[in-house]
Amino acid sequence: MSEPTPNSRPRQVTLVAWLTMVGSAFVVLLVFDRLAGLHTLDTRQSVEKFLAEPPGSDLGVGVDGVLSAIRTLAMVAAGCATAAAILGYQVLRRSRSARLGLTVLAVPLFFTGMVTGGFVSSLVAASAVMLWLQPARDWFDGVTRQAAAVPAAASVPATAQPRAGVPVPTAPAQPRPAGVTVACTLTWIATGFTALGMIATGVLLALEPDTLLDEVHRQNPELATQGVSDDLLVGVTFAMIAGIVLWCASAAVLAVLVLRRTEWARVVLIVSTATAAALSLIGTAIGAFLLALTLVASVVTLALLLRPEARAWFSRPPGPRPPAG
């Protein structure tokens, strides 16, 4: 009778992974539907009714402020869902860092997914808990409890035991796939141009704040009546610029680690790139057509990092240890 091995994926892991991928896809579709109907008359009337009664009347914001908050939360939910879908695929490949990342994403996905109804996003977020229960936990740790009582010598054929004084042959070093190099190069180019654009925007905002503030007020004339001051707008803009620049710098460092064949860096870079692709897609859909460039770069980078030869290069088995003495 065959014994279960650490390589046998538990059914609950397969269920959670597919539930995460399919559910995240539904969350992204719900976000698009939510954004498409955000400025309809029915939505505005619903918001006005909410603000006319407690607790909405105690918030001190207008209809446009609520719609802007919903738009922001929806975009964050789409980014988290896209990252969760990528991590769900990596969970099928027994990535412990993907399991940790999916668990961390569960919190923002749960809260921001409320703008799409909350059911699907809550289901995806809650399913991450199952990855930390048995037998999934043992599978990720490479533990097979049924085989614990079998002597170690009996599990390895005698012919497989290395003899003293006989060197163990090692597999030749695998060359780095060209796709990995291209993906890292695209990451550096995209993050470099994005960071430079954000820094230029910050410099322009510092030197000529009135120019950008006039444009913001032209597009959103009700900001002043909602109590949003120019100082608040400038502060939020600078914080957003700093966050994007730090994100770009982190992605560039991850690309360096990917070239050095660091598996967890590949997973994190995939999640970061997928999030950037989702946000770029949403931004392009609402009129920021310049983001189509980052969308194309992100999609190509994702495709290259997920190719079979790239996965095989990162998942090589560790070499045998040299004999003692």
Side-chain angles (χ1 to χ4, degrees), residues 1-34 73-148 263-278 281 299 302-303 305-308 310-312 314-315 317:
M1 182 173 60
S2 61
E3 295 287 344
T5 66
N7 293 325
S8 302
R9 183 195 308 133
R11 291 183 178 179
Q12 76 181 64
V13 175
T14 304
L15 174 63
V16 169
W18 279 104
L19 179 63
T20 299
M21 291 186 287
V22 176
S24 298
F26 272 104
V27 171
V28 174
L29 293 176
L30 289 172
V31 166
F32 273 103
D33 180 70
R34 184 63 169 169
L73 290 175
M75 294 180 67
V76 173
C80 291
T82 304
I86 299 296
L87 289 174
Y89 175 76
Q90 294 296 324
V91 161
L92 287 175
R93 303 187 60 81
R94 204 175 184 173
S95 173
R96 299 177 66 180
S97 56
R99 178 181 61 162
L100 178 60
L102 188 59
T103 305
V104 173
L105 276 179
V107 177
L109 181 60
F110 173 78
F111 288 105
T112 59
M114 294 298 176
V115 298
T116 63
F119 174 74
V120 179
S121 59
S122 300
L123 187 63
V124 173
S127 63
V129 179
M130 297 177 62
L131 297 176
W132 298 91
L133 304 177
Q134 298 291 12
R137 188 170 60 192
D138 281 349
W139 182 70
F140 279 102
D141 294 337
V143 176
T144 305
R145 298 186 180 277
Q146 292 86 342
E263 167 63 14
W264 67 264
R266 184 183 75 97
V267 175
V268 178
L269 183 59
I270 287 173
V271 172
S272 175
T273 307
T275 304
L281 178 60
V299 171
L302 278 175
L305 291 178
L306 292 173
R307 287 182 63 85
R311 297 198 306 266
F314 280 97
S315 61

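Residues take their numbers from the sequence shown, with the count starting at 1.
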Kindly indicate whether the side chain of [X], heavy atoms from C-beta on, has any atom under 4.5 Å from the side chain of [Y].
X    : Y    : value
T20  : V91  : no
L131 : T103 : no
F111 : L73  : no
V124 : F26  : no
Y89  : L306 : yes
D141 : R96  : yes

Residues in side-chain contact (heavy atoms from CB on, under 4.5 Å) contact with V271, at least two apart in sequence or another chain: A83, L87, T275
Looking only at atom types and distance, does a side-chain atom of [X] sit under 3.5 Å from a main-chain N or O of [Y], one as donor and one as acceptor?
X    : Y    : result
Q12  : M130 : yes
R34  : V115 : yes
R266 : L305 : yes

[X] versus [Y], closest heavy-atom pair with distance:
X    : Y    : answer
S95  : V267 : OG-CG2, 3.8 Å
S121 : M114 : OG-N, 4.4 Å
T14  : R9   : OG1-CD, 2.9 Å
L19  : S127 : CD2-CB, 3.7 Å
S24  : A84  : OG-CB, 3.5 Å
A106 : A125 : O-CB, 3.3 Å

I need the Q90 CD to R99 CZ distance, nearest 0.5 Å. 14.5 Å
Got a second to check how far L302's CG is from I86's CD1, nearest 0.5 Å? 5.5 Å
In chain order, what residues pass the salt bridge (Lys or Arg N to Asp or Glu O under 4.0 Å) check against R93, with sequence neighbours excluded? none
